[in-house]
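Working notes, structure below.
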There are 2 protein chains.
Amino acid sequence: MADINFSSPTLSPELRAAEPSAAAGEPLRWDIIELLFFAYRDFVGDADHELEAFGFGRAHHRVMHFVTRYPGLKVADLLDVLRITKQSLGRVLKQLLDEDYIVQKTGNNDRRQRLLFATPKGEALVAKLAGLQTARIDRALEQVGPAGAEKVRQFLRAMIDRDDPDKVLEAIFRTPAAAAKE
Amino acid sequence: MADINFSSPTLSPELRAAEPSAAAGEPLRWDIIELLFFAYRDFVGDADHELEAFGFGRAHHRVMHFVTRYPGLKVADLLDVLRITKQSLGRVLKQLLDEDYIVQKTGNNDRRQRLLFATPKGEALVAKLAGLQTARIDRALEQVGPAGAEKVRQFLRAMIDRDDPDKVLEAIFRTPAAAAKE
DNA sequence: AATTTATGTCAGCCATATTGACGTTTCTGC
DNA sequence: GCAGAAACGTCAATATGGCTGACATAAATT
């Protein structure tokens, strides 16, 4: 491996963030970008750890979460939410069905549909994982107070694409809190 | 595939969020949990789209980002930040070196170290991706005002694990804004 | 009756992560 | 100066979770 050596090494003993040299343009939100990265990394880390014990991964969690929260979700809806293909969903969903975390029910309006429901076993897992994440969120919201919490919600809502929302997003944005500052 | 049919189908025409039946315990932060999921999904989606044109994935972006922002980052530091193994980093890093997005420089205090630096080409890519994400963040921050923006930063900071922070996190939490409400 | 929709499935591929083992260079402690 | 540890690179094998393409079936729609 070729070693590229520059004129003067200029070793920084203290690591410091540097605006990349193209700092001439509009200011970039480096702080928020990185905070989001770390916050999300640790946020999902809570669940990841616990999931190992069940032999599941993040994919299983996402499926379980949305099925539990939105009972009767169709397969197609789930695909929209997760933004994956049905083949990808297939493997994960099959495991969750086999291991009795989720059950399917034929739609009665449209018998082609397979509506998805969490079993008590599935709900328990989702609640456990949500508990871990809630602890972290509560701790963080305490720092900003109730008014701050509402600002955080507004911010997160505004970060989400609203064009062509999936069924779940529609439900989320139809919620009372959404009407607040729309 | 066995079809499990229940007593009464009870089809919901409008999808509605349901507290899983174990709602007896402490309240769970379903709203924030889901907002974080969707916000992050769309946030990283901005970059993902652009990366395809370069034949890169998210892994490349993460590496490029931190190397650009923290010039002289050691390989070991990067592993801490990204929470991956050196083998995983290896392939991605090799590509970025080969394609001249990143250069290595032997540490002069410790010649075992390979300090990482972005090339102008690399910086340009990172700035472009950060620009996309900044547009989204700016749009969202407008909704909450300057005071709200500070609340959002406080919230995100508080979401991050502080025990055993890596070098980059230390730098982030050493920043002036961090001192504000510590 | 023909077509479209919702779903499932088979086969293969790719990206990104893992563990374990091993080698080299260089620093550190004795 | 030497032993050992540290920082890195790399080989091999494996797992997960994505992907595309093709095809099948049942049920709804036209």
Side-chain angles (χ1 to χ4, degrees), chain A residues 1-4 11 41 44-45 47-49 51-52 54-64 67 72-98 102-116 166-167, chain B residues 1-5 9 11 41 44-45 47-49 51-52 54-64 67 72-98 102-116 166-167:
Chain A
M1 179 131 303
D3 240 14
I4 292 122
L11 183 78
R41 180 190 72 172
V44 297
D48 284 352
H49 218 263
L51 284 161
E52 277 181 37
F54 293 80
F56 289 151
R58 256 178 231 185
H60 301 86
H61 184 198
R62 291 194 290 257
V63 172
M64 281 304 311
V67 169
L73 208 59
K74 290 187 297 178
V75 169
D77 293 334
L78 204 41
L79 294 178
D80 284 346
V81 171
L82 303 181
R83 303 247 172 110
I84 58 175
T85 59
K86 71 179 162 177
Q87 293 90 332
S88 296
L89 177 59
R91 266 170 314 141
V92 170
L93 189 53
K94 196 174 191 324
Q95 282 182 67
L96 292 171
L97 289 165
D98 287 349
I102 285 180
V103 288
Q104 291 182 317
K105 191 169 65 165
T106 299
N108 48 354
N109 281 8
D110 185 335
R111 292 182 41 81
R112 290 171 305 180
Q113 298 173 349
R114 301 300 151 91
L115 308 182
L116 303 171
D166 51 63
K167 285 280 179 59
Chain B
M1 177 130 304
D3 239 17
I4 292 121
N5 277 287
L11 183 79
R41 181 191 71 172
V44 297
D48 285 351
H49 218 262
L51 284 161
E52 276 180 37
F54 293 81
F56 289 153
R58 255 178 232 186
H60 301 84
H61 183 197
R62 291 194 291 256
V63 171
M64 282 302 312
V67 169
L73 208 58
K74 290 186 298 177
V75 169
D77 293 335
L78 203 42
L79 294 178
D80 283 346
V81 171
L82 303 181
R83 303 251 170 106
I84 58 174
T85 59
K86 71 179 161 177
Q87 293 87 334
S88 295
L89 177 60
R91 264 170 316 125
V92 170
L93 189 52
K94 196 174 191 322
Q95 281 182 67
L96 293 170
L97 289 165
D98 288 349
I102 284 180
V103 289
Q104 290 181 319
K105 191 170 62 166
T106 299
N108 47 355
N109 281 7
D110 185 335
R111 293 181 43 78
R112 291 171 303 180
Q113 299 173 349
R114 301 298 151 89
L115 308 183
L116 303 172
D166 51 63
K167 285 279 179 61

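Throughout, protein chains are lettered first and strands after them, A, B, ... in sequence-line order, and every chain is numbered starting at 1. All values reported here derive from a predicted model rather than from experimental measurement.
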Encode nucleotides 17-29 of chain D as B, S and - characters from 5' to 3', where the letter depends on protein heavy atoms closer than 4.0 Å: B to the base, S only to sugar-phosphate, - to neither. BBBBBB----BS-

Grab the CD-P distance between B:Q113 and D:dA6 for me, whole Å please. 14 Å

Atom-pair distance (CG on B:L96; P on C:dT16), nearest Å: 10 Å

For residues 75-84 of chain A, which residue pairs qualify under salt bridge (Lys or Arg N to Asp or Glu O under 4.0 Å), counting only residues two or more places apart or in two chains? A:D77-A:K167, A:R83-B:D42

Within the structure provided, determine whether A:L73 and A:L115 are in side-chain contact (heavy-atom separation under 4.5 Å). no

Would you give the length of the straight line joining atom CD1 of A:I102 to atom NZ of A:K94, rounded to the nearest 0.5 angstrom? 13.5 Å

Does the side chain of A:Q95 come within less than 4.5 Å of A:H60's, by heavy atoms? yes

I'd like to check B:L116 versus B:K74 (side-chain heavy atoms, cut-off strictly below 4.5 Å). Are they in contact? no

Closest heavy-atom pair, A:V92 versus A:A59, reported as atoms and distance to 0.1 Å, is CG2-CB, 3.9 Å

Quick one: is A:Q104 getting a side-chain N or O under 4.0 Å of the C:dT7 phosphate, OP1 or OP2? no

Using the C1' atoms of five pairs at each end, what's the angle between the two axes of the helix from C:dA1-D:dT30 to C:dC30-D:dG1, to 10 degrees? 30°

How long is the line joining NZ of B:K94 and C1' of D:dT10, in whole Å? 10 Å

Atom CG of B:L78 to atom C1' of C:dA17: distance rounded to whole Å? 15 Å

Given side chains that start at C-beta, do those of A:V63 and A:L96 come closer than 4.5 Å, heavy atoms only? yes

In whole angstroms, the gap separating P of D:dC8 from NZ of B:K105 amounts to 15 Å

When the distance from CG of B:L82 to P of C:dA17 is rounded to whole Å, what number comes out? 8 Å

Just the rounded figure in Å: distance from P of D:dG9 to NZ of B:K74. 13 Å

Determine whether A:T85 and A:L79 make a side-chain contact, defined as any pair of heavy atoms from C-beta on separated by less than 4.5 Å. no

One thing to verify: whether B:R41 and A:D166 come together as a salt bridge, which I'm taking to mean a side-chain N less than 4.0 angstrom from a carboxylate O. yes

